[in-house]
Every structure is written in C-alpha cells, then in structure tokens.
Amino acid sequence: MEALLIIAVACASLSCSVKGSDWWWDYEEGIRHYSKEALSKEFPEKTRPVSFKHPVFQCPDMTPSPSVPSSVEFVKAADIKVIAALGDSLTTAIGANATTVLGIPIEFRHVSWSIGGYGTFQDVITLANILKLFNPNLLGASPGKTIHGMHAHISETGFNLAVTGHNTFNLPGQTRELIDTLRGYEGLNFEKDWKLLTILMGMNDICDYCKDKVSIALYSVDNFIHYMTLSLEMLLNEVPRMIVNVVQILPMHTLREVQKPTPGCLLQRSFCSCLVEPVSRSPELQELVEVNLEFQKRLEKLLYSDRFFREDFAVVLQPFLKHADPPRLPNGKIDMTFFTHDCFHFTIKGHEELAKGLWNNMFQPDGGKVIVSSFSEPISLNCPPSEHPYIYTRPVAAKSSRTLLHSKAKSLAAIILLLLLHVT
C-alpha cells in the first residue's frame, strides 16, 4: 500500500499527461489546502477490515439453463459468462478503500460495485461476486488496483474499462476499446458467450455543466444523449449475446450536504465545482438541479423503447438510483463512513449498496423495478424469482408492439372467418 501511495503522489506532482489528466490537476489543487498532519491522518472507519465476512448468500435455483439460451429474454444469472463495465470514477472505485487522503488516486477496481472481483461474495458484495456464486468461471471481473493516470494492463483491470474523470463524450471511445478487447480476448467465445455490461455515466457532465454552456455546450443534455446513443448503437450493431445495464444517474444536489463535516471535502469542490460552489437557492444551483432532472428524463425517453432490443441483445435502464438520498445517521446527519476522503465518491460500504440495488433491479420487470429512496437502511439482496428466473430484458415498448401485433392478427382472423361464413 505504501508503494502505491508513493507512486500516486509522484504521478500527481508530475501532472501526468493522460486521459482524464484534469482530474490530477483538481486533486493537486485540493490537497494544497491540507497540512502534513491532515494528509497522513488515518481513517480506519472508511476501510473494510480483512477479517470481515458477509453471511452466505444462497438461492433455491443457482443452475444455468439446460442449454445455452438463444433469446435475450431467457438468460439466467448462471448463463452469464462475461462481465464488463464502462463509466467514470464511480466505476473505477477511486479511493474506495483508502485510509488517508493520499490514497484517493488509487482506483480500487477489485471492489467496484458493478465488476469488482476481489475474493468472494463474503469478502465484498459486488455484482461480479454475486454472479460468481452462480457461475464460478465468470470472466472479466476486476482482480486488482490501479493508479489513476498510469497505464494498466487488462490483468489488473479485467473488463472494467472505465476511466476516472471521463465525461459522456468519452463513452464511445471506451465502447470501442471494449468491443475490440472482447472480440480478441483468448478464452472468450465472442459469438456464443452471454455478456453482461454495466454503464453508469453522466455525473461528471453535471459537475462540469457550468464550464461550457455557451460555445459548444459539451456537457449539455443533448450531447449526453447523443454520445450515449452512439455508444449503445455501436454495441447493438457489433456485439452478439449481450445485456447492457444502463444505470440511471443520481440526483446530485444532495451531495452538497456531504461537504460539511470534514476538511477533506475541499476535494469535492475541486472535482464538482458546478455543484458545490453555487450559493443555496441561487439561480445557478436551481438550474443545475433542473439539468440533472432533464438528464434523467431524457435517458428514460431514450431507453424506454425497443430501439436497442433484438433477439440476442437488450439495453435495460436500471432506475434504482433515481431518487436516492445519501445514507444518514439516526440524527439526520450524513453517514460519512459511506464516503471517501473527497466527500464525493463511495467507500466499499457505498459500493456494496449499489451492487445490491443493481442486482435486484435486474430481476424486476419494467414498471416494477424498486427505486431506492435512501441508503440509510441496508438493501436486502433478493434471489431471482422462481416464476421468472431470467434477467428482465424486454422493454415495455416491445411488449406493447407484441400485444398490438397479436391484436391485429386476431382481428384479421375474425374478418377472414366472417368472409368465409358469408360465402357459404
């Protein structure tokens, strides 16, 4: 761990010139305000003790389908052979198990909510570790840590190709890298293996929204939807047998409350100034709240359709974060053990709640997906229902189309029957 911290600080001081290098500048600016004592202060409550173990999670049916399913509507958890993730620092799990502020640049990918592969389910709850209970040979889970700004091999990242500091306009690039990686990866059957991809992107667009509203409006809602659409179309056109979880973005204004209790939250001001700096009830803050809401509405409009649905491919919007309030203590104050030293990203405790919320949504139909109102109470992890043990993938629009076609077919049959009776 000490070696990792030294590398992280050295890279920060050299202002590494890489993708997302603005993040380093923000980090450097933030830590300038710390004393030496504050930089080295330990916060053990923000980490997971090595001896910690979760209870065993067991479901009545944890078996794969008798034969590999050809339809995206009949894929069980144990049928998933490959897991992947795209996104930003929430998916790289930056700082998630750091004991000091100097550990923030460490990306704890192996405990990331959507793809971390550290140990087993009993060690840390991630989507990958849940799926490993159903298929121990799952391919792609992140096995290790990386340092932001430094090149990392796939042996360290797994198929977690998220990049800290990335905005949605970077998503097509991540998508291209993922497709090429999956297509050429030894031991992966690109055509036949069922793949599960999770995407969470857009929060950095909101954090940067006020920086470019006039010229090309790089962080606008329109651009968010444009680059999300472009990425999903790439996957639809090129990747067979894939289910894509697109996770709805958070209502971010409540994160302003996280900045109060600790001096480490100066980093939050560096990473998300458009959210943190406006005065309460100011027009600037109100605009950002409305923009956040518009991001959510436009993403729903894009994905509550059959545009990205075919026989062996589906994109599903998982809405569990739509109204999520930060975890709070009984006195109403923010529970800071869920947040890293920058007061913006989640510790392992937060990642585990995201993993459970996502897993539960995957086995709930459109219209019946649970939206978490608060993380103050731990989410209970559910087993796939016995009456429908498959990941829900068919969108409401596709159901409506099928119903309409069935109705038209019945009407046509009735007309033909009447004509036959009339002739006889």
Side-chain angles (χ1 to χ4, degrees), residues 62-65 67-87 91-92 109-110 112-117 126-143 154-155 157-163 171-201 228-247 303 307-318 355 358-359 361-363 384 389-395:
M62 302 182 77
T63 61
S65 301
S67 60
V68 179
S70 58
S71 171
V72 74
E73 296 186 70
F74 299 104
V75 178
K76 299 172 68 177
D79 295 327
I80 298 295
K81 299 290 182 65
V82 182
I83 191 167
L86 302 175
T91 300
T92 66
R109 293 176 188 261
H110 58 330
S112 174
W113 60 290
S114 59
I115 193 170
T126 69
L127 182 61
N129 278 352
I130 299 171
L131 284 170
K132 281 160 59 178
L133 297 173
F134 293 77
N135 176 15
N137 297 316
L138 183 72
L139 190 65
S142 295
I154 196 168
S155 61
T157 64
F159 296 147
N160 179 351
L161 301 187
V163 179
L171 187 58
Q174 290 187 24
T175 304
R176 171 49 54 205
E177 184 181 0
L178 177 65
I179 294 172
D180 293 345
T181 300
L182 295 177
R183 186 176 277 124
Y185 194 82
E186 186 177 353
L188 189 158
N189 190 321
F190 185 73
E191 297 295 329
K192 294 184 178 180
D193 287 347
W194 279 101
K195 311 162 214 43
L196 179 68
L197 168 64
T198 299
I199 300 173
L200 175 55
M201 188 69 102
M228 181 66 73
T229 301
L230 182 61
S231 302
L232 296 177
E233 286 180 342
M234 290 167 62
L235 294 165
L236 174 67
N237 294 331
E238 299 186 47
V239 185
R241 295 193 173 181
M242 174 174 272
I243 297 171
V244 182
N245 292 318
V246 176
V247 178
L303 299 183
R307 179 172 180 174
F308 302 104
F309 179 80
R310 67 167 190 243
E311 178 65 19
D312 70 342
F313 184 94
V315 176
V316 186
L317 180 63
Q318 308 296 8
L358 174 57
W359 168 265
N361 263 188
M362 286 168 54
F363 293 95
Y390 315 108
I391 300 170
Y392 276 93
T393 54
R394 177 170 281 272

Which value, rounded to the nearest 0.5 Å, describes the distance between [X] atom [atom1] and [Y] atom [atom2]?
X: L178; Y: N160; atom1: CG; atom2: CG; value: 10.0 Å
X: L131; Y: M62; atom1: CG; atom2: CE; value: 10.0 Å
X: T91; Y: I115; atom1: OG1; atom2: CD1; value: 9.0 Å
X: I199; Y: L235; atom1: CD1; atom2: CG; value: 6.0 Å
X: M242; Y: T393; atom1: CE; atom2: OG1; value: 14.0 Å
X: I179; Y: N237; atom1: CD1; atom2: CG; value: 9.0 Å

Fill in: V239/L197 under side-chain contact (heavy atoms from CB on, under 4.5 Å): CA gap, chis, key distance, verdict
CA-CA 11 Å; V239 185; L197 168 64; over 6 Å; no

Fill in: P240 backbone acceptor or donor facing E191 side chain under 3.5 Å
no

Discussion item. So does G117 get a backbone contact from the side chain of S142, meaning a donor-acceptor N/O pair under 3.5 Å?
Written reply: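 No, because the side chain of S142 does not come within donor-acceptor range (under 3.5 Å) of the backbone of G117.
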
Practice prompt. Dump the intermediate steps for ring pair (Phe, Tyr, Trp, His ring centres under 6.0 Å) on W359 and F134, then the final yes or no.
Written response: CA-CA 13 Å; W359 168 265; F134 293 77; 5.4 Å; yes

Determine whether [X] and [Y] make a side-chain contact, defined as any pair of heavy atoms from C-beta on separated by less than 4.5 Å.
X: P143; Y: R109; result: no
X: F308; Y: E233; result: yes
X: K81; Y: N189; result: no
X: V247; Y: T198; result: yes
X: M362; Y: I243; result: no
X: W194; Y: D312; result: yes
X: F309; Y: L236; result: no
X: I391; Y: F363; result: yes

Item to complete: Verify side-chain contact (heavy atoms from CB on, under 4.5 Å) between T181 and F159, making sure each step is shown before the conclusion.
Response: CA-CA 8 Å; T181 300; F159 296 147; 3.8 Å; yes

I need the minimum non-hydrogen distance between [X] and [Y], along with the two atoms involved.
X: T157; Y: L161; result: OG1-CD2, 4.4 Å
X: L139; Y: G187; result: CD2-O, 4.3 Å
X: T126; Y: G116; result: OG1-O, 2.5 Å
X: L127; Y: S114; result: CB-O, 3.6 Å

Discussion item. Counting neighbours of NZ on K76 that are heavy atoms of other residues, nucleotides or ligands and sit closer than 6.0 Å, is the number greater than 12?
Written reply: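 More than 12 within 6.0 Å, yes.
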
Practice prompt. Could you list the residues that satisfy salt bridge (Lys or Arg N to Asp or Glu O under 4.0 Å) with R176, not counting sequence neighbours?
Written response: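 By the salt bridge (Lys or Arg N to Asp or Glu O under 4.0 Å) rule, R176 matches D180, E238.
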
Discussion item. Between K195 and D193 (salt bridge meaning N to carboxylate O under 4.0 Å), is one present in this structure?
Written reply: no

Worksheet item: Going through the checks in order, is the side-chain contact (heavy atoms from CB on, under 4.5 Å) test met by N135 and I80?
Response: CA-CA 7 Å; N135 176 15; I80 298 295; 5.8 Å; no

Discussion item. Using side-chain contact (heavy atoms from CB on, under 4.5 Å), reason through R307 and T229 one step at a time and then give a plain yes or no.
Written reply: CA-CA 10 Å; R307 179 172 180 174; T229 301; 3.2 Å; yes

